[in-house]
Amino acid sequence: MGMITRVRGRIRANSFGVDKEKTAQSVCLLSAVLLLPYCPRGPLPLLPPPAPALYSALVLPVVFSANYRYPVSILKTIVQAIRDLAKKGWKPLSGFLKRVHGPIDRAENLFLKMKNLSLMMNQIVFLMLSDKVLVPQQRMTCLYTLMFYNVIAYCVSYIKELIEKEDWSPYVTLTERSQIKHLAMSATKIVLEWTKAVTFVVTITFMLLFFGLEQGLENYKPSMMYTSITWLYYLATEKVFVEMFPGILIFLQLEILENIENLYAPVILRCFTIVMSSIFTLILLPTASWRFLLVTTYINVYLRTKELAQNSGAVLQKEREILNRYRKATNEEIEKFDDVCAVCLFAMTKARITPCHHIFHADCLRQCIKSSDKCPMCKRELKFD
C-alpha cells in the first residue's frame, strides 16, 4: 500500500511539473495574442472610445493573473538576472546620486529656512493653480487675492498685538526696576507705535474706499468656491493664523490628539496644504503645461513634504514613539483614579498608564519624561520588561 502511494505521488508530481510548464508556455503565447490589438497598427486604437477601455478591463487582469500564476521558467531566469545586475550596480549608482543631490539638498534646505520667501512662493503657486482650475477665464486674480489676504493678515496681527500687549507705557527705562527714562529708546518706541497705528488706520481706510467705490474691480470677480478654498489655504499657511490653530484644537478638546495639540497642529496644516496642491495638480494634468505642473509639484508638494518630514512630522513621530511605550488606560482604570491627572489636577477622558500602574495625561507624562525617567507619583524608574 505504501509503495502504491509513493508511485502515485511521483506520477502526480511529474505530471504536474510537465503540465505546469506546458501551461505556462501556452499562457505566454495566448497573452501575446491578446496583447496584439494594442499595437499601433492593431484594431484597438481605431475603435470608438468605450471599446478600448472595456477590452482592457476584461483582458488585462486575466493576462496578468495568468502569467503570475503560471510563469515561464526562462522569464524567472531573466528576472533573477536583472535583480542581480541591479544589486551590483545599485551601490555605485546610489553614491553618484548622493554626490549629485548633495548641493541640491543644501539649496532646498536653505530655501525652506527662508520662511517668508518660501511661504510667499507657496501661496502664489497655489493661487495660480486655483486660477487655472476655478476661474480660468480671469487674469491676475491670484495677485489681487493675495494682496487682499495680506492686508487682512496685517490687520489681524496688529489687533492681536494690541490685545496681547501688557506694557502700554510709551517710555523705556534703563533697567526693569529703574524709573530713569531712556530718551533715545523711548522716542524710538513712540515713533514706532504711532507708525503702526497710522499704517493700520490708512490700510483700513483705503480698503473701505477701494471696495466702496469699486474702482479697478471690473475684472476681479472671484467665485465663492475660489474665495473659500484660497482663503482656507491662506489661513493654513500664514503665520498669524497658524499660531492661532493650536488654540482652536485645544478648545475642541479632541480625545484622539491626547492633549498634544501643539505638535499635531503644524502637521495637520501641512498635510492639508499638500493634499490641496496635489488635488489641483491632478485636475490640471490633461490641460496645463508639464513645465507648470512640474514647478507646482516641486514647490507645493515635494518641498512641503520634505519640510513636514524634517521638522514638525519628525518631532511628532518622535514624541509618539515615546508615548506608545505606555499603553492607553481603560475607562475603568481612569474612573478608579477619580478621573483626575496627578500632574495637572485636571479631569481625564483619555490617559496613559505607566509600568507602575499610575495614570497621567499623555502630554503631562511626556513633559515629565523630558526632565526625569522616573514616575511623577512614586518616583520609581520607568522600566519596561
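Atom-to-atom distance recorded for Gln317:CD and Ile322:CD1 is 11.5 Å, nearest 0.5 angstrom. The distance from atom CE of Met120 to atom OG1 of Thr237, rounded to the nearest 0.5 Å, is 12.5 Å. Put simply, OH on Tyr234 and OG1 on Thr273 are 14.5 Å apart, with the number rounded to the nearest 0.5 Å. To the nearest 0.5 Å, atom NZ of residue Lys115 and atom CG of residue Asn122 are 11.5 Å apart. Within the model, atoms CG of Leu134 and OG1 of Thr227 stand 9.5 Å from one another, a figure rounded to the nearest 0.5 Å. To the nearest 0.5 angstrom, Ile124 atom CD1 is 14.0 Å from Thr296 atom OG1.
In this structure, Phe360 and Thr354 have side chains that are in contact, with non-hydrogen atoms separated by less than 4.5 Å. Between Val156 and Met244 the shortest side-chain heavy-atom distance falls below 4.5 Å. The shortest side-chain heavy-atom distance between Met276 and Leu232 does not fall under the 4.5 Å cut-off. Considering only heavy atoms from C-beta on, Leu293 stays 4.5 Å or farther from Phe280 through its side chain. You'll find the side chain of Ile260 reaches within 4.5 Å of the side chain of Arg320, heavy atoms only. Ser277 has its side chain within reach of Tyr233: a pair of non-hydrogen atoms, C-beta onward, lies under 4.5 Å apart. Side-chain atoms of Leu303 and Tyr298, non-hydrogen and from C-beta on, do get closer than 4.5 Å to each other.
Proximity of a side-chain donor or acceptor of Arg366 to a complementary backbone N or O of Leu323 within less than 3.5 Å is not detected.
The cluster map of Ile, Leu, Val, Met, Phe, Trp and Tyr, joined by side-chain heavy atoms under 4.5 Å apart, puts Leu294 and Val301 in different clusters. There is no path of hydrophobic side-chain contacts, each under 4.5 Å, that joins Val267 to Ile250. Taken together through direct or relayed side-chain contacts under 4.5 Å among Ile, Leu, Val, Met, Phe, Trp and Tyr, Phe126 and Leu285 form part of one hydrophobic cluster. Ile268 and Leu252 fall within a single hydrophobic cluster, where Ile, Leu, Val, Met, Phe, Trp and Tyr are joined by side-chain heavy atoms under 4.5 Å apart, directly or via other members. Tracing side-chain contacts under 4.5 Å through hydrophobic residues (I, L, V, M, F, W, Y), one never reaches Phe241 starting from Leu119; they form parts of separate clusters.
Residues Cys271 and Leu308 approach most closely at SG-CD2, 3.9 Å, considering heavy atoms. Residues Glu261 and Pro246 come closest through the heavy atom pair CB-O, 4.2 Å. The two residues Asp131 and Cys142 come nearest to each other via the heavy atoms OD2-N, 3.0 Å. For Ala309 against Ala314, the heavy-atom pair with the smallest separation is O-CB, 3.3 Å. Looking at every heavy atom in both residues, Ala236 comes nearest to Val242 through O-CG2, 3.5 Å.
Salt-bridge formation is detected for the pair Arg304/Glu307: a Lys NZ or Arg NE/NH1/NH2 atom is positioned less than 4.0 Å from an Asp or Glu carboxylate oxygen.
Side-chain contact, Thr230 with Tyr149: a donor N or O sits under 3.5 Å from an acceptor N or O.
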Between Arg106 and Leu110, does a side-chain contact (heavy atoms from CB on, under 4.5 Å) hold up when you go through it step by step?
CA-CA 6 Å; Arg106 289 192 291 271; Leu110 180 62; over 6 Å; no
Could you go through the side-chain contact (heavy atoms from CB on, under 4.5 Å) check for Arg352 and Arg327 one step at a time?
CA-CA 6 Å; Arg352 296 278 179 167; Arg327 70 174 178 85; 5.8 Å; no
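Counting heavy atoms of neighbouring residues, nucleotides and ligands inside a 6.0 Å radius, atom CG of Asn116 does not exceed 12 of them. Within 6.0 Å of atom NZ in Lys132, 12 or fewer heavy atoms from other residues, nucleotides or ligands are found, so the atom counts as exposed in its surroundings. For Met114, the CE atom counts as densely surrounded, since its 6.0 Å shell holds more than 12 non-hydrogen atoms of other residues, nucleotides or ligands.
In this view, Lys160 and Glu243 satisfy the salt bridge (charged side-chain N to carboxylate O under 4.0 Å, His left out) rule, not counting sequence neighbours. With sequence neighbours left out, the ring pair (Phe, Tyr, Trp, His ring centres under 6.0 Å) criterion links Phe292 to no other residue.
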